[in-house]
Amino acid sequence: MTGHRPEDDAPPPPPYPLPGDAWQRLSARVIWVDLARSVLSLLPAVLAVAVVGVDPGAGEMWPLIGIAAAGVLGALADALRWVFTRYRITASHVELRTGVLVRVRRSIQRDRIRSVDIEAKPHHRLAGLRVMKIGAGQQAAAGDSALSLDAVDTAAARALHDRLIAPTHEAHPPHEAHPAHPAPPATSGPPAAPVAPGVPAPARGSRAAPERAAPLRVFARFEPRWVVYNMFNAWAYVLVLGVGWGGYWLLSGFGVDAAAFVSGLLDWRSIGWAGTAAIGFLTASVLGAAGLAVTYAVEYGKFELARVPGPDGTVLRTRQGLLTTREVSRDENRVRGVQISEPVLWRWLGVADTSLVTTGLSLWSMSQPAAILPRGPVAVARRVASDVLDPEERPLHADLAAHPRAALRRRLWWATTTAATVALALGWLAVTGVLPYAALWAAAALWPCALGAALVAYRALGHTVSGSYLVTRSGLLSRSTTVLRRSAVSTVVIRESLLQRRLGLRSVSTMTAAGYGGYDTPDLDARASLDFAVRAAPGLLDPFLTGTEEGTPPDFPVEEGAPPGPSTGPVR
């Protein structure tokens, strides 16, 4: 008689691979694209030697040799990646295996997919290729990244996108429907595409890309006038330095002395150092602003933010790009709120950056998948964000409660302490002879600047609870207004430092499994902080509240004899 084994009770394993789920290669056209890139990278060196007559052994050839080597090595790496890369889409998973020396195999459950990003650089578009990035809650801090398929045919990329994001009858676990915009009902024809107020309609006769899912609503399109909001920042000077340095070395490979050309433009000795610095700064500012304007037009040309049908509700889709096109689809069931940030140096222009508070999107990625609008006017950012969240409640238009004057005193105290610390450090360096005594004027100038910054930071404070959302605003360098759905709050933390306790202040942190994870509301009145925390997460703090008499405000229980300390809500 055969003994019973536990594995006999397990169900038989499914066939692997399933029919129609065979491993596939990336497009072979990527090999020809890499070959063309190699030839183009060699072309500058060939022209310098054959046409201009530059000595191949001259020092000016090294930049061109570096360009050629980078192009050839990159092409060889892409060819090896194509040979060793396979992927497949099953009914439940997206799988990828790649690697030459170290084999890597990744698998993502399809019900865990948060976003699908389709990108095409100019050489991809010429070859009919696309790059797909499938995000599923990866953490940049842990070294994870989105699953990337570089590169697949355009038709295959569209088919994969439709299979992963578009409405389908394949098995998906049910998700909580978005309260403000549930899944659209099935219709025999494509749904209508109303356009948001103020959004220009597409011009007649324009050739649009074929639509696979007609938008349910278009929130915003590309606005050329927004270029003003994208021309003035520190990246303008970085752009000028990078392009200038690269152009100098490239021209030197062809025997052109760019430094001598610039020195011959003006009589720099008669202008002096101050005049030279002023001319250089002005030139860099103009060229940098022009470069950022071109970058904005190229990066955000044909931009469109729209809501389209998805597998379990609706999807927020952004399309943008003239040369490098990009399309990002985000499941609205994962959206927990929005955040509008206003940089302090450009606040006088009404500049704002708009991003989603959602699960599964990396906030540290250079591609900024959580951003739903280019940098633009704050009034438009508020309107679009309110329409995306809930056009009826419009939490971003709610009046925010001011914080007590004790919060201003706390900031003034920190500003004075910081200025005094710097003054003491500079005084010690002056006494020891490291710095001249004139350096103490820097500390004297720092104090009023710090006091002004404290006032700006205090004026940025605000909070409220509006319907099913909580709104909090704070920040000095970037005044951030965060709208968070109350049902998404999983943890509430109430903290108070020694100085806050003396001033009767507390800070409330609301935490959620989305965005940055936690959003602070600093320096509330001690009694008002508890009321805000209770309203921010209904029912979450009930087991920790006390209040025996009618009309007595609830408070956290404190054990007899225990010293007062920071109060913390439950962690779930």
Side-chain angles (χ1 to χ4, degrees), residues 141 232-235 237-238 281 339-349 351-353 363-364 378 400-463 472-482 493-511 515-526 528-529 532 563-568:
F232 306 104
N233 57 56
W235 289 107
Y237 304 99
V238 176
F281 177 78
Q339 186 175 61
I340 297 178
S341 302
E342 303 169 68
V344 63
L345 295 181
W346 296 275
R347 202 172 297 168
W348 60 277
L349 275 176
V351 172
D353 298 317
L363 296 175
W364 310 107
V378 65
L400 301 184
H403 288 221
R405 288 302 181 99
L408 175 59
R409 294 198 298 271
R410 180 172 183 249
R411 279 153 179 77
L412 294 176
W413 186 89
W414 278 113
T416 303
T417 303
T418 302
T421 303
V422 173
L424 289 175
L426 293 178
W428 179 78
L429 293 176
V431 170
T432 56
V434 177
L435 293 176
Y437 282 95
L440 294 176
W441 286 105
L446 175 63
W447 188 33
C449 294
L451 294 179
L455 179 60
V456 171
Y458 169 73
R459 289 174 59 87
L461 296 177
H463 69 280
T472 178
R473 187 182 67 192
S474 62
L476 172 61
L477 298 179
S478 180
R479 182 173 64 187
S480 299
T481 304
T482 303
V493 179
I494 302 179
R495 300 188 304 269
E496 56 181 4
S497 64
L498 291 177
L499 180 59
Q500 283 180 312
R501 191 176 305 173
R502 292 291 302 272
L503 296 174
L505 300 175
R506 286 176 180 173
S507 296
V508 177
S509 296
T510 50
M511 300 183 181
Y516 291 104
Y519 297 90
D520 294 336
T521 306
D523 295 338
L524 286 83
D525 180 77
S529 64
F532 176 71
S567 304
T568 306

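- If you take CG on L503 and CG on L498, they are separated by 11.0 Å, rounding to the nearest 0.5 Å.
- Scored by the side-chain hydrogen bond (donor to acceptor under 3.5 Å, both in side chains) test, T472 finds T521 as partners (sequence neighbours excluded).
- Residues satisfying the side-chain contact (heavy atoms from CB on, under 4.5 Å) criterion with L408, sequence neighbours excluded, are L412, L455, Y458.
- Residues satisfying the ring-ring contact (aromatic ring centres under 6.0 Å, His included) criterion with F232, sequence neighbours excluded, are absent altogether.
- Taken to the nearest 0.5 Å, the CG atom of L400 stands 10.5 Å off from the CG atom of L461.
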Please tabulate, for the side chains in residues 428-449, all donor-acceptor contacts under 3.5 angstrom to protein atoms that are two or more places apart in sequence or on a different chain.
residue : atom : partner : partner atom : Å
T432    : OG1  : W428    : O            : 3.0
T432    : OG1  : L429    : O            : 3.0
W447    : NE1  : T416    : OG1          : 3.3

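- Heavy-atom contacts from other residues, nucleotides or ligands closer than 6.0 Å to CZ of F281 number 12 or fewer.
- Remark: S509 pairs with V493, R495, M511, D520 by the side-chain contact (heavy atoms from CB on, under 4.5 Å) rule, at least two apart or across chains.
- In terms of modelled atom types and a separation under 3.5 Å, the side chain of S341 and the main chain of D353 share no donor-acceptor contact.
- Side chains of S497 and R410 form a contact here, defined as non-hydrogen atoms less than 4.5 Å apart.
- Of the charged side-chain nitrogens involved, none lies within less than 4.0 Å of a carboxylate oxygen, so that E342 and R347 do not count as a salt-bridged pair.
- Heavy-atom minimum distance, E496 versus R506: OE1-NE, 3.4 Å.
- Here R473 pairs with nothing under the salt bridge (charged side-chain N to carboxylate O under 4.0 Å, His left out) rule; sequence neighbours left out.
- Listed by chain and number, the residues in a side-chain contact (heavy atoms from CB on, under 4.5 Å) with A457 are R411, L476 (sequence neighbours excluded).
- One distance of note links OG of S478 with CD1 of I340; it measures 11.5 Å at 0.5 Å rounding.
- The minimum heavy-atom distance between W346 and N233, with the atom names listed, is CZ2-CA, 3.2 Å.
- In this structure, the side chains of I494 and S507 stay at 4.5 Å or more apart for every pair of heavy atoms.
- Residues meeting the ring-ring contact (aromatic ring centres under 6.0 Å, His included) test with H403, sequence neighbours left out: H463.
- Under the side-chain hydrogen bond (donor to acceptor under 3.5 Å, both in side chains) criterion, T482 pairs with Q339, not counting sequence neighbours.
- With sequence neighbours excluded, the residues that form a side-chain contact (heavy atoms from CB on, under 4.5 Å) with D525 are P404, R527, A528.
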